2 protein chains.
Amino acid sequence: MRMDERKQKVLAAVIQDYILTGEPVGSRTIARRYNLGVSPATIRNEMADLEEMGLLEQPHTSAGRVPSDQGYRYYVDCLMPPAHLTPEEEEYVRRRYNQKMLEIEQVLAETTRLISEMTSYAAIALGPDQGRASLEEVQVLPIQITNKALLVAVTSTGVVEHRVLTIPAGVTPEDLNRISRVLNARLQGRALEDLRQMVLSDIYQELAQHRNLVNLVRDLLQQLLSLESGERVYRNGTLNILNQPEFKDLDRVREILSFLDQDEALRRIFMTTPSTGLTIRIGQENKIEGIDKCSVVTISYTVEGKIMGKVGLLGPTRMQYSRAISVLRCVADALSQTLEQLYR
Amino acid sequence: MRMDERKQKVLAAVIQDYILTGEPVGSRTIARRYNLGVSPATIRNEMADLEEMGLLEQPHTSAGRVPSDQGYRYYVDCLMPPAHLTPEEEEYVRRRYNQKMLEIEQVLAETTRLISEMTSYAAIALGPDQGRASLEEVQVLPIQITNKALLVAVTSTGVVEHRVLTIPAGVTPEDLNRISRVLNARLQGRALEDLRQMVLSDIYQELAQHRNLVNLVRDLLQQLLSLESGERVYRNGTLNILNQPEFKDLDRVREILSFLDQDEALRRIFMTTPSTGLTIRIGQENKIEGIDKCSVVTISYTVEGKIMGKVGLLGPTRMQYSRAISVLRCVADALSQTLEQLYR
DNA sequence: TCTTAGCACTCGAAACATAAGAGTGCTAAC
DNA sequence: GTTAGCACTCTTATGTTTCGAGTGCTAAGA
């Protein structure tokens with residue numbers, strides 16, 4: 001069956017109406033609201049064709065039509081009018097990034113907040129891969145008073161992590177200083193995920209000459225290896241799905257919320273997404289159990305042209321795709337610029 | 001009306017049965033399952049009395065009885081048999097705290113995880129008041145490569161916070177060292193909430209002699225003032241409420257989940273609780289909008305006899321109170337001990 | 001050949017009716 | 001004071017009816 005222009009118009013009308021109202025839409029409604037210049041009967045014929053093509057579905061015989069995943073897909077690929085944020089909204093996004101934020105974690109947290117606020121869907125984000133990031137600075141700080149020290153590590157992605165260590169009696173601040181120097185000399189510029197395979201025994205040899213440092217150094221290296229080396233995950237507005245009329249079923253809600261609660265699950269969303277540009281996954285296209293009634297839109301953000309991570313949102317398949325896309329485009333843009341500055 | 005022994009037995013039976021099954025319980029059930037040696041008719045009379053006393057309620061004429069908030073209250077205060085964890089469970093709790101955890105934040109996160117796991121309710125915790133904690137260490141670290149520095153602050157509660165700073169060109173590591181020394185000398189032992197009222201201008205004067213340090217120092221002091229100074233809030237297992245049959249209503253679920261989502265709301269829960277020992281708030285006793293169908297049990301944890309913060313849980317008024325209490329007691333105990341060691 | 005008016009048909013949602021069952025309160029007997 | 005008996009109440013489940021929205025088909029018209 002061919003997809004002539006009128007079919008396209010009908011399909012677009014059905015989807016737009018359904019996205020707007022959430023109710024199955026009938027031929028009469030289309031004829032009335034969108035003046036295509038033909039009668040309901042004609043539209044009925046077209047809709048029957050579109051159903052046969054797999055683009056529309058009928059919940060039951062006497063209901064209107066509802067878009068199928070494929071229908072949304074066709075709409076998104078071919079029919080959807082391009083949308084832009086208003087200048088005011090673009091300005092608003094820019095302002096939100098103009099706050100003083102000097103750490104990527106803060107920036108990404110703010111990003112998810114912004115996305116969920118502007119779309120009313122659940123916003124998610126994936127931080128840069130810490131494993132590939134290199135160590136930029138390692139310091140062991142003495143802490144007065146207690147028998148503790150602080151291991152601080154800064155990676156090239158600007159993520160700061162710390163670990164508290166117990167130091168054995170007799171270890172002096174000078175010892176710690178020496179340790180810091182050696183660690184920096186040996187580890188600076190090395191990728192976190194390479195640490196595991198590196199010959200840390202060298203360092204161990206060099207530092208553990210003194211008896212009382214043996215335990216400390218072992219502990220320290222162990223802590224270094226335990227630094228989070230995957231991509232960190234951010235989320236915001238997950239409770240927004242409670243406002244979607246299609247999720248009035250408790251079991252489904254539980255399923256989705258539990259899903260969004262797990263870092264690993266969110267990583268899986270991003271993993272199965274091509275690493276570049278904007279991606280839209282509609283319903284079953286998500287090969288992931290539990291969100292097959294949802295759509296996921298993601299976009300990557302970059303620094304100096306290199307992809308650093310991704311941000312995205314999750315909502316019902318009945319999503320305002322054009323809105324979602326324009327928000328994500330704008331936000332990813334502003335985010336990239338912000339990070340660009342951050343790393344300069 | 002007097003509360004004789006038989007009434008107590010009937011009330012206890014009704015509540016225990018209701019907690020177990022979640023269904024309104026009738027006189028027949030009580031007579032069958034709990035052998036009080038009297039007939040359903042007698043029990044009916046007692047239940048009518050208990051209803052008149054405000055301890056039981058009837059959803060409708062032909063349903064069984066359901067405990068009222070006051071009924072639970074009487075049960076908790078006077079009837080509930082004391083419960084203890086099994087030795088295995090106590091051992092399990094101890095083992096969970098035997099992991100290497102050197103930071104209070106980690107300990108509290110693990111604590112909420114443990115509580116929600118053991119009770120299937122939502123676990124919440126309140127960290128120590130950072131405002132009253134004193135600064136134990138302030139350091140400004142140079143970071144190689146970039147034009148950034150790292151402000152690290154450690155408070156007496158063992159909380160570590162960091163802030164990234166931009167440093168103007170020309171500032172040397174020695175400058176930063178000097179700044180660290182001065183800050184430490186001036187601020188060590190001061191409470192965070194006193195910083196605001198302190199004459200920071202002294203420090204400003206002392207440090208900002210050099211032109212190029214002016215901005216940095218101003219920035220630095222500002223960051224110090226921005227250190228989180230309230231109590232941090234922890235939560236875990238909030239989605240457990242989706243499993244409670246009494247919360248099958250989406251609106252109620254939304255209300256509670258949104259509530260639990262806000263740090264401020266959680267603080268309010270703890271604030272309205274007397275600062276010592278174990279507290280149980282049943283239903284409307286929570287003077288807080290949105291959780292008036294819930295019960296909250298909290299308990300404080302201490303270090304060297306001083307109250308540091310609180311942990312607790314939130315579930316339906318139909319809660320296994322004795323279980324909740326014994327879990328919280330045991331956990332709070334182990335938590336206190338763990339922190340005790342941490343601070344030694 | 002395409003379009004459309006007309007109409008019978010389908011199916012779900014809502015309204016209503018009925019029956020079953022659980023539990024109560026009351027009364028009178030023990 | 002206790003309890004058996006019984007009428008009564010109210011919810012839940014189930015069935016029935018009605019209503020309306022929307023369809024598919026057919027035949028007439030352009």
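From a predicted model like this one, the values you see are computed outputs, not experimental measurements. The figures that follow rest on heavy atoms only: side chains count, while hydrogens, waters and symmetry mates do not. So you know, we letter chains A, B, ... as the sequences are listed, proteins then strands, and number each from 1.
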Colleague: On DNA chain D, nearest-nucleotide positions of B/Gly37 versus B/Thr61: which is more 5'?
Modeller: B/Gly37

Colleague: Whole angstroms only, please: what is the CG-P distance between A/Asn45 and D/dA27?
Modeller: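 In whole Å, D/dA27 P and A/Asn45 CG are 15 Å from each other.
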
Colleague: Just to verify, which of B/Leu55, B/Leu50, B/Ile15 counts as forming a side chain to side chain contact (heavy atoms under 4.5 Å, CB included) with B/Pro67?
Modeller: B/Ile15

Colleague: Looking at B/Lys293 and B/Glu255, is any side-chain nitrogen of the basic one under 4.0 Å from a carboxylate oxygen of the acidic one?
Modeller: no

Colleague: In whole Å, what is the span from the CD atom of B/Gln58 to the C1' atom of D/dC8?
Modeller: 13 Å

Colleague: Rounded to the nearest Å, what distance is computed from the CG atom of residue B/Leu36 to the P atom of nucleotide D/dT3?
Modeller: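 Distance check: B/Leu36 CG to D/dT3 P gives 11 Å.
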
Colleague: For DNA chain C, find the residues of residues 7-35 of chain A with a heavy-atom distance under 4.0 Å and give them by number; none if there aren't any.
Modeller: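 Going residue by residue through residues 7-35 of chain A, none turns out to have a heavy atom under 4.0 Å of DNA chain C.
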
Colleague: Among B/Arg65, B/Arg33, B/Arg28, exactly one meets salt bridge (Lys or Arg N to Asp or Glu O under 4.0 Å) together with B/Asp17. Which residue is that?
Modeller: B/Arg33

Colleague: Which pair of heavy atoms, one from B/Tyr18 and one from B/Arg318, lies closest together, and at what distance?
Modeller: O-CD, 3.3 Å

Colleague: Between the side chains of B/Arg73 and B/Glu285, is the shortest nitrogen-to-carboxylate-oxygen separation below 4.0 Å, so that they form an ion pair?
Modeller: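 Salt bridge present between B/Glu285 and B/Arg73.
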
Colleague: Quick one: do the A/Tyr74 and A/Gln8 side chains pair a donor with an acceptor below 3.5 Å?
Modeller: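 Per modelled atom types, A/Tyr74 and A/Gln8 side chains form a pair under 3.5 Å.
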
Colleague: Salt bridge or not between A/Glu51 and A/Arg44? Use side-chain N to carboxylate O under 4.0 Å.
Modeller: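 Looking at A/Arg44 together with A/Glu51, the answer is no, because their closest N to O distance does not fall below 4.0 Å.
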
Colleague: Using a 4.0 Å cut-off to any heavy atom of chain B, which nucleotides of DNA chain C are the first and last in contact, reading 5' to 3'?
Modeller: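 Both ends considered, the range comes out as C/dA22 to C/dG25.
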
Colleague: Can you tell whether the side chains of B/Asp292 and B/Lys287 come within less than 4.0 Å, N to carboxylate O?
Modeller: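 B/Lys287 and B/Asp292: not salt-bridged.
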
Colleague: Please report, rounded to the nearest Å, how far the C1' atom of D/dG22 is from the CZ atom of A/Arg65.
Modeller: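 Interatomic distance, CZ of A/Arg65 to C1' of D/dG22: 9 Å.
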
